Amino acid sequence: METYKYTVLLVDDEEEVIQVIMKKINWEGLGFSVIGYANNGVKALEMVEEFQPDVVMTDIRMPYMDGMELSNRIKTEFPATKILLFTGFDEFEYAKEAVHLEVEEYILKPVNSVELTNVFTQMKIKLDAEISEKRNVESLQKYYMESLPLLQANFYSTLIEGRIPEEQLSKYLSDYQISLTGPYLCCLVIHTSSTQVPKNMNPLLLSMSVQKQVKERLEGKWNAKCFSYLGNTVLIAQLEHECDVSDMTDECDRFCRYVRRIVGAVVTIGIGQVCSSILDLSKSYNGAREAVSYRGIYGATRAINIKEIAPQEVSTASSSGDEELSHLFKMIRLGSREDVCEAVNEFLENTSFTQRSLQQHHMIVMELVSALYRFALNNDISIEEFSGDMGQVYSRVLDWEPDALKKWLTDISLSFRENLLNAQSKSTKSFVFRAKEYVRCHYADQEISLDQVCEELGVSNSYFSTIFKKETGNSFIGYLTDYRMEQASRMLIETNEKSYIIAKNVGYADPNYFSYVFKRKFGVSPSKYRTEHAEGEK
């Protein structure tokens with residue numbers, strides 16, 4: 001197994017302590033790399049969220065957020081991260097009371113390089129053992145042999161294919177001892193790339209490794225059924241409330257990043273529509289599978305919720321089940337103009353009008369027009385072609401020669417594509433605008449958070465964060481902080497309010513932390529900023 005270098009984040013409000021630790025320890029030789037340091041718990045938590053280090057070594061006594069609260073937050077949100085606490089002698093007993101935080105080691109100040117080297121040597125052994133277990137090929141092969149019983153796996157596959165008769169459903173559930181009580185159900189497709197695979201790792205074993213992690217980290221929490229289907233791992237999740245799908249999307253997003261870091265797998269999770277009927281799981285599966293195909297637009301190593309990227313879509317396949325027509329609709333939604341034109345050609349070539357009777361030809365053309373009409377309705381597309389008498393549309397199209405039909409189908413398909421692109425752009429800009437309006441109205445609220453905004457908008461954190469960053473070039477928290485600082489700078493110049501009052505007015509309960517953030521933004525303290533600008537106006 002190739003050597004894995006573990007990452008360490010150092011946290012202490014005394015920078016000289018950090019520098020001593022960084023210089024006196026042979027990190028490279030111990031198999032670690034210091035990814036950075038923070039001088040308070042708030043900054044440390046931001047860095048943990050961004051870099052997900054293997055180990056966090058933190059002091060207890062720090063401004064804004066102490067080491068105990070930081071450790072608690074890390075263990076809640078990033079349970080795989082190891083924590084080392086170093087502290088003064090007088091805080092040692094207090095620190096020992098935090099045993100429930102699963103702290104790996106308590107180190108007394110001043111830090112001794114020999115002691116610290118021993119601590120990280122043992123930490124390396126422990127981390128190696130954990131990652132070895134996750135990558136052990138024999139363990140994966142054994143797990144593969146002990147996967148879900150054949151009858152259950154076959155039932156789940158048949159269920160998502162939509163081939164379970166309603167009158168036989170209860171018998172299947174009873175015979176195979178399967179409980180799907182919901183009350184809400186949702187299908188997830190976990191796709192592991194077979195081309196982006198770590199060196200010396202078999203793609204099938206890598207996929208099994210991902211499935212093992214799915215069972216450990218997702219199956220239990222969402223009371224889910226896990227099985228393999230068409231080369232992917234599929235989950236049937238059970239939700240208490242319909243809105244729980246947003247939290248599940250965020251957790252799946254974190255899971256994708258986790259398995260990329262631990263086992264080197266490039267994973268995309270597609271999340272289908274939430275349903276309340278077991279027999280509707282086939283629709284949810286189709287939505288999840290389609291969501292995975294959007295990785296070409298949104299990128300892999302993330303979760304994609306079909307409701308968020310295509311909220312107006314329902315099934316768009318024609319009643320005839322024509323694969324070429326389904327492919328055309330997919331290219332209208334996802335492809336370029338060239339892809340759409342090629343899909344039109346494929347549809348017309350594979351339909352082979354010249355080899356059919358006049359009656360068959362008429363039936364195919366009428367089904368095509370009906371499918372296009374349904375697609376327009378399902379996606380809120382207003383097309384002049386379909387605004388009049390549909391009987392006239394059928395008659396006109398039936399009389400066209402092949403070249404005229406091809407031009408009409410190409411033009412209307414490209415028109416659909418433009419409509420969807422414009423609608424998607426408006427939708428994205430709309431909720432980014434609403435998020436900015438929310439900040440403008442609530443920036444003084446100390447409790448404002450990403451969770452609040454996402455709940456207000458009805459989207460998951462991961463999807464909102466991706467789109468907000470793409471549209472504004474800034475994270476939501478970064479935008480909120482910038483807006484608060486701009487308001488604070490205006491109040492400093494235009495009013496005589498004291499700094500702590502202004503801090504409260506822009507959402508900061510701690511005036512010291514307000515000053516810290518203000519100085520980080522403008523390079524000077526609030527009082528100096530007021531003095532400089534007052535002098536500038538004289």
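Because the structure is a prediction, the values reported are computed rather than measured.
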Who pairs with [X] by side-chain contact (heavy atoms from CB on, under 4.5 Å), at least two apart in sequence or on another chain?
{"X": "Lys82", "result": "Val55, Glu104, Met123, Lys126, Leu127, Glu130"}
{"X": "Val197", "result": "Met201, Pro203, Leu206"}
{"X": "Glu16", "result": "Glu14"}
{"X": "Ser193", "result": "Thr195, Gln196, Val266"}

Under the rule for salt bridge (Lys or Arg N to Asp or Glu O under 4.0 Å), what residues qualify as partners of Lys469, not counting sequence neighbours?
none

Sequence neighbours excluded, which residues qualify as salt bridge (Lys or Arg N to Asp or Glu O under 4.0 Å) partners of Glu77?
Arg73

Sorted by chain and residue number, the ring pair (Phe, Tyr, Trp, His ring centres under 6.0 Å) partners of Trp27 (sequence neighbours excluded) come out as Phe120

According to salt bridge (charged side-chain N to carboxylate O under 4.0 Å, His left out), does anything in [range] pair up with another residue at least two apart or in another chain? List the pairs.
{"range": "residues 498-523", "result": "Asp482-Lys521"}
{"range": "residues 439-464", "result": "Glu437-Arg440"}
{"range": "residues 21-36", "result": "Lys5-Glu28"}

With sequence neighbours excluded, tell me which residues meet side-chain hydrogen bond (donor to acceptor under 3.5 Å, both in side chains) with Tyr229.
Glu161

Among residues two or more places apart or on two chains, list those pairs meeting ring pair (Phe, Tyr, Trp, His ring centres under 6.0 Å) that have a residue in residues 482-506.
Tyr443-Tyr483

Just how far is it from atom NZ of Lys436 to atom OG1 of Thr472, taken to the nearest 0.5 Å?
6.0 Å

NZ/NE/NH1/NH2 to OD/OE distance under 4.0 Å, Lys124 and Asp128:
yes

